[in-house]
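Worksheet: the structure to be examined is printed underneath.
Here, residue 1 is the first one in the sequence, and each next residue gets the next number. In listed order, ligands and their atoms are each counted from 1.
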Amino acid sequence: MNPLAKELNIIIRENHPALMDMLSGVGKQLFFPKGILSQSAEAKEKANRLNATIGIATEEGDIMHFPSVMSSIKDLEPRESLTYAPSFGIPSLRSKWKELQLEKNPSLLGKQTSLPVVTCGITHGLAVIGDIWVDPSDLIMLPEMMWGNYNMIFSVRKGATPGKYPVFSEAGGFDVAGFEKSVREQAEGRDKIIVLLNFPHNPTGYSVTSEEGARIADILTDVAKNGTKVVAITDDAYFGLFYEKDTLKESMFTLLCGRHDNLLAVKLDGATKENYVWGLRVGFITYGITDNGDSPSVLEALERKTAGCIRGMISNASHLGQSIVLNSINDERFKAESREKFNVLEERAIRVKEVLADFKYRDAWDVYPFNSGYFMCIRLKTVNAEELRRHLLDKYGVGLISLGDTDLRVAFSCLEKGDVEELFDTVLKGVEDLTTT
Ligand SMILES: Cc1ncc(COP(=O)(O)O)c(C=O)c1O
């Protein structure tokens with residue numbers, strides 16, 4: 001094992017020994033290399049005459065660049081856009097994102113959370129978490145309805161065993177009892193489980209209420225107290241897009257942080273959906289642990305392992321993407337812009353609810369609960385979802401996503417408010433076409 005990995009492991013073992021049992025084999029080996037990176041950093045500080053350390057090119061005191069490239073990036077300097085970002089992410093973006101996390105999740109105040117480490121979007125963050133915390137033999141609890149890429153990331157790539165927990169109860173709302181049963185059954189006799197929570201949820205657009213959230217956190221804390229190590233990952237891709245009063249407005253991460261030594265909370269969030277910059281690829285990984293011993297050093301050790309993993313995978317995330325996101329967040333228009341786009345999405349969600357309240361759809365489908373995010377789902381009663389999807393596309397030019405035999409996902413995030421009724425009327429026509437032929 002590399003001596004730097006050993007050093008990090010000593011810090012973790014001495015202060016938070018349970019974390020050592022949660023790290024994967026790769027996670028234990030990870031470290032942040034010194035080598036070229038630290039020599040360059042040292043040179044950046046001290047080499048004021050000639051600095052010939054880093055693998056970029058310079059010219060006349062500036063970063064070498066093509067004007068044909070920079071003409072597309074008018075408001076950023078080459079040093080803010082073309083040069084490499086640190087593997088941890090640019091420091092000012094990391095601290096700004098942490099500040100925003102606190103603003104949006106006031107209960108995080110006083111809790112031990114790391115500085116967010118920048119990833120190339122949330123997908124990459126999930127893959128990094130997979131490397132650091134998931135071994136092939138591990139069990140990962142996923143929602144029964146879920147974003148399909150979890151399967152690719154955790155089951156196909158990492159070889160983890162997927163366990164499922166139900167999402168909705170018969171009465172509507174999150175199936176807390178079903179969640180508890182599945183998690184407790186799977187945790188029985190295991191040293192460690194990984195649990196993935198995703199609210200607002202893809203594909204249903206459901207977020208838990210404050211009460212449901214508190215119960216989920218209590219269940220996972222109790223499982224941890226009973227001796228099973230729990231790595232709880234919150235995928236907060238659609239965070240903040242909450243449209244109803246009873247919905248928990250803070251991340252589940254907030255409720256899971258600092259609850260027990262055997263419970264590690266990992267927050268994955270990003271500018272992707274929250275800031276409407278899908279292709280800029282800016283995501284974050286943040287850890288939350290109990291306040292126990294030297295927690296800041298442990299968090300720093302986890303950040304170093306995470307950045308080391310990123311260094312070995314993609315080296316670093318796009319500097320251009322990070323700078324654009326940072327400048328936008330620091331821009332005086334940012335708050336008003338966020339509010340304006342939130343209002344547009346909220347109005348669409350309300351319109352979808354209004355339209356779907358009409359009895360005319362009653363025999364064709366049920367509506368899954370939704371209160372947040374980009375999506376909602378319907379459960380078809382009489383026709384096959386994939387058959388209907390193809391029919392709607394071929395006959396009416398309407399595109400939806402089919403999930404399994406019965407479910408259709410509607411992304412109201414890309415549907416104008418004025419088109420909502422037409423969309424559902426067309427789906428109804430499609431159902432009628434298929435049932436009368
Ligand atoms: C639940 C969920 N997590 C993560 C992602 C991926 O986000 P990113 O584009 O930042 O990789 C998506 C995108 O569809 C998603 O729906």
Do side-chain atoms of Thr426 reach the backbone of Glu422 as a donor and acceptor pair under 3.5 angstrom? yes
Is the Lys NZ or Arg CZ of Arg348 less than 6.0 Å from the centre of Phe412's six-membered ring, within 45° of the axis? no
Close residues, ligand 1: non-hydrogen atom nearer than 4.0 Å: Gly121, Ile122, Thr123, Trp147, Tyr150, Asn198, Asn202, Asp235, Ala237, Tyr238, Thr272, Lys273, Arg281
Asp131 and salt bridge (Lys or Arg N to Asp or Glu O under 4.0 Å): which partner among Arg157, Lys28, Lys158? Lys158
Audit row: Tyr243, Glu347, side-chain hydrogen bond (donor to acceptor under 3.5 Å, both in side chains) steps and yes/no: CA-CA 9 Å; Tyr243 312 127; Glu347 278 182 9; over 6 Å; no
Counting only heavy atoms from other residues, nucleotides and ligands, does the tally under 6.0 Å from OH of Tyr361 exceed 12? yes
Donor + acceptor pair across side chains of Asp269, Trp97 (<3.5 Å): yes
